[in-house]
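Heavy-atom basis, side chains included; hydrogens, waters and symmetry copies ignored.
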Amino acid sequence: MALRFFNTYPRKIEEFEPRDSTGNAVSIYTCGPTVYSRAHIGNFRAYIFEDLLQRHLELRGYKVHRVMNITDVDDKTIRGAREAKVPLAKFTEQFKQAFFVDSETLRIKRADEFPAATDQRYVERMIDMIRELIARGLAYQADDKSVYFRINKCPNYGKLAHFDLTQLQSTGRVKHDEYDKEHIGDFALWKAWDEEDGDVKWASPWGSGRPGWHIECSAMATALLGDQIDIHCGGVDNIFPHHEAEIAQSEGVTGKKFVRYWLHCAHLLVDGQKMAKSLGNFYTVPDVLAKGYTGRELRYALLRVHYRVPLNFTWEGMKEARESLGRIDEWLARLREIAKEENVQRSTPNAQRSIEPDFENALDDDLNISAALGFLFETIRETNRAMNENKRDATSAKTWLDWWKRINTVLDLESESEVAVPAEVAQLAEQRQNVRRENNWKRSDELRDRISELGWEVRDTKDGQKLTPRVTSG
RNA sequence: GGCGGGGUAGCCAAGUGGUAAGGUCGCGGUCUGCAAAACCGCUAUUCGCGGGUUCGAUUCCCGCCCCCGCCUCCA
């Protein structure tokens, strides 16, 4: 099955054909965090979607070159630094670090590059691009000294978002210097310095100031990935104006089609509403960990819903994630047990269906993760049944484990390496084993409770006791 | 007002012009000293509402309702 994605530009599912038609290289640019505060789980939903995209492309044999920018200068970072009374770089550094820590917790694959907007190389490139845009009549310096993009000179402007520019109206969300601009929709390429910017400023042909948000992505994307890139992702809220502006700027300078496929991720909702500090439903990764959940549980919860469908985050959903992962863990543990055994004669040879490519095919269809997971769980049930009926041998168990290994390059949902059983727990388990031999069930149950209090679960199987660490949620 | 996304069981969620995957929860059963895990069975005559097309629609068309988002620096 051919790989297909929903492209925001034509609003259609399209077969994926990278620019490099003979090779297998794919370039991806993803809008990264603005480091003015700790990224929240809604931000991470988008990053997990991008992670899934990259991993699936790699499973399909593509060599992915991915860039994620870090926006470390804008109104919010400047305001934050002012309020904290520290230099901008120092202020943003803590959130950059936190972003990487949280990404790792969620097992998000690192991009190949994380260019920062304040990097001198890129500031220079932004200035070059703005100069070029002015030379081509696509930009102008207004009376307020800022430089704006002239959207009326760009016939394609508005096509990504399907906006009619004459209908644009101010939401009041952003401060406008409307009298300075030719058109309300003209956006800043270079923002002239003002007092509130303090010492945050760069010299430019238009005076001191700083780059606008949109131009930084155009500059960094084309600097690292070339004039034309295969896939550009972000949240749906980036469609307008950000990505629209990126197209206008990049194509305005290069004259070439900037992006082949635009992929956008729907929002994360919390209890059916947009996440907001004022509603008390605003969560960061550490907030979720503090409730007793693990990074992989959150990864699963954010991954399991198709990226174009709004995802409602709830604590009940986190519990479901935990249970579902437990099912996978249990299945893998059983397979591993059997794979270790010598190939003893089993009554029936492979009765199970052959290893189906269903999982991967589902992902080919615009990353249909829900369908893919459906196949995984069907497989789990079927192989568990076969194991219950003793119809499994080491060879077929290994085959399934290999299959898991392959799909897990995309999912990355395996549990952390086994935690050693603490001495105290081991001792109690041994005692329990002894009293069980004497059929002292009362004492056995007491010991089971004790072990449970220590955070471990004991199960009696026909091969004796099994101890598994039990995660507790708060 | 304009532009999108969504409404499928208690909850989460695939999907198709021919009669509803999967997860989770709940109930019953097998297994167990009891549990746990696993498995088996049950749990939507029905897919927001009303029309239409069709032999047949949840799926296509028309109208309507509800939720969420974007409309100039929010993933």
note = A:R448 CZ to B:rG33 P, in whole Å, measures 12 Å
query = Is A:K466 salt-bridged to A:D460, going by a charged N under 4.0 Å from an acidic O?
reply = no
query = Say you pick atom P in B:rG63 and the same atom in B:rG1; how far apart are they, in whole Å?
reply = 15 Å
task = Let me know the distance between CZ of A:R334 and P of B:rA36, rounded to the nearest Å.
result = 16 Å
request  = Please determine, for the side chain of A:K76, which listed nucleotide (B:rA36, B:rC74, B:rG6) has the closest atom?
outcome  = B:rC74
message = Say we look at B:rG5 and B:rA38: how far apart would their P atoms be, to the nearest angstrom?
response = 39 Å
message = Please pick, from B:rC71, B:rC3, B:rA37, the nucleotide with the shortest atom-to-atom distance to any side-chain atom of A:E330.
response = B:rA37
message = Within the 4.0 Å heavy-atom criterion, would you say A:T468 contacts the bases, only the backbone, or no part of the nucleic acid?
response = nothing
message = Please classify the nucleic acid contact of A:H306 as base, sugar-phosphate, or nothing, using heavy-atom distances under 4.0 Å.
response = sugar-phosphate
inquiry  = Side-chain N or O of A:K319 versus OP1/OP2 of B:rU24: is the shortest distance under 4.0 Å?
reply    = no
message = In whole Å, I'd like the distance from the CG atom of A:L373 to the P atom of B:rA13.
response = 13 Å
request  = Applying side chain to side chain donor-acceptor pair (under 3.5 Å) between A:R4 and each of A:N368, A:D364, A:D365, report the one that passes.
outcome  = A:D365
key: Rounded interatomic separation in angstrom, taking CZ from A:R308 and P from B:rA13   = 15 Å
A:D237-A:H242 side chain donor-acceptor pair, cut-off 3.5 Å = no
message = Base, sugar-phosphate or nothing for A:K466? Non-hydrogen atoms, less than 4.0 Å.
response = nothing
note = Picking from B:rG33, B:rC25, B:rG2, the nucleotide nearest the side-chain atoms of A:E323 would be B:rC25
inquiry  = Among B:rC39, B:rC34, B:rA13, which nucleotide has an atom closest to any side-chain atom of A:R385?
reply    = B:rC39
ask   = Atom CZ of A:R436 to atom C1' of B:rA35: distance rounded to whole Å?
value = 9 Å
query = What nucleotide, of B:rA14, B:rC39, B:rG23, holds the atom closest to the side chain of A:E320?
reply = B:rG23
task = Compare side-chain N and O positions of A:N384 against OP1 and OP2 of B:rC39 and report whether any pair is under 4.0 Å apart.
result = yes
request  = Indicate the ring-plane relationship of A:F187 and A:H214, choosing parallel, tilted or perpendicular according to the 30° and 60° boundaries.
outcome  = perpendicular
ask   = With distance as the sole criterion, do the side chain of A:E378 and the base of B:rG22 form a donor-acceptor contact below 3.5 Å?
value = no
task = Tell me what A:R304 touches on the nucleic acid: a base, only sugar-phosphate, or nothing, going by heavy atoms under 4.0 Å.
result = sugar-phosphate
request  = Would you check if the side chain of A:N408 reaches a backbone N or O of A:L411 as a donor-acceptor pair within less than 3.5 Å?
outcome  = no
query = What is the nucleic acid contact for A:L269, judged by heavy atoms within less than 4.0 Å: base, sugar-phosphate only, or nothing?
reply = sugar-phosphate
ask   = Toward the 5' end of RNA chain B, which comes first, A:Y300 or A:H243, by nearest nucleotide?
value = A:Y300
ask   = Given the P atoms of B:rC31 and B:rU46, what is the spacing between them in whole Å?
value = 37 Å
message = In this structure, how many angstroms lie between the C1' atom of B:rA36 and the CH2 atom of A:W456, rounded?
response = 16 Å
request  = Looking only at side-chain atoms of A:V236, point me to the closest of B:rA38, B:rG33, B:rG69.
outcome  = B:rG69
message = Both distances below 3.5 Å, Watson-Crick or wobble geometry, any strand: find the nucleotide opposite B:rU46.
response = none
query = Taking A:R66 for the side chain and A:K109 for the main chain, is one N or O donor matched with an acceptor at less than 3.5 Å?
reply = yes
task = Tell me what A:E316 touches on the nucleic acid: a base, only sugar-phosphate, or nothing, going by heavy atoms under 4.0 Å.
result = base
query = Reckon A:N368 has a side-chain N or O less than 4.0 Å from the OP1 or OP2 of B:rG15?
reply = yes
request  = Look at all strands and tell whether A:H162 reaches a base, only sugar-phosphate, or nothing, counting heavy atoms closer than 4.0 Å.
outcome  = sugar-phosphate
request  = May I ask you to say what A:F187 touches in the nucleic acid, namely base, sugar-phosphate or nothing, with a heavy-atom cut-off under 4.0 Å?
outcome  = base
request  = Quick one: label A:R45 by what it contacts on the DNA or RNA (base, sugar-phosphate, nothing), any heavy atom closer than 4.0 Å.
outcome  = nothing
ask   = So does A:N312 reach the base of B:rC12 with its side chain, donor to acceptor, closer than 3.5 Å?
value = no
Atom C1', compared across B:rC42 and B:rG4: separation rounded to whole Å = 41 Å
query = Counting side-chain heavy atoms from CB outward, which of B:rC39, B:rC3, B:rA13 is closest to A:R381?
reply = B:rC39
key: Between B:rU32 (P) and A:Q465 (CD): distance, integer Å   = 17 Å
ask   = With a 4.0 Å cut-off on heavy atoms, is A:L268 in touch with a base, just the backbone sugar-phosphate, or nothing at all?
value = base
query = B:rG5, B:rA38, B:rA13: which one has an atom nearest the side-chain heavy atoms of A:R327?
reply = B:rA38
ask   = Expressed as a whole number of Å, how far does the C1' atom of B:rC11 sit from that of B:rG26?
value = 12 Å
query = Taking atom types as modelled and ignoring hydrogens, do the side chains of A:D74 and A:T77 form a donor-acceptor contact shorter than 3.5 angstrom?
reply = yes
message = Students often get this wrong, so: under 4.0 angstrom with heavy atoms, is A:G212 touching a base, only sugar-phosphate, or nothing?
response = nothing
task = Find the distance A:L376:CG to B:rA21:C1' and express it as a whole number of Å.
result = 13 Å
task = Return the nucleotide paired to B:rG1: Watson-Crick means purine N1 to pyrimidine N3 with N6-O4 or O6-N4, wobble means G-U with N1-O2 and O6-N3, both under 3.5 Å.
result = B:rC71
query = Among B:rG22, B:rC39, B:rU72, which nucleotide sits nearest the side chain of A:F377?
reply = B:rG22
task = Say whether A:D186 and A:H183, considering side chains only, have a donor N or O and an acceptor N or O under 3.5 Å apart.
result = no
query = If you check every side-chain atom of A:R459, which of B:rA14, B:rG23, B:rA37 has the closest atom?
reply = B:rA37
Sidechain N-carboxylate O distance under 4.0 Å for A:R443, A:E446 = yes
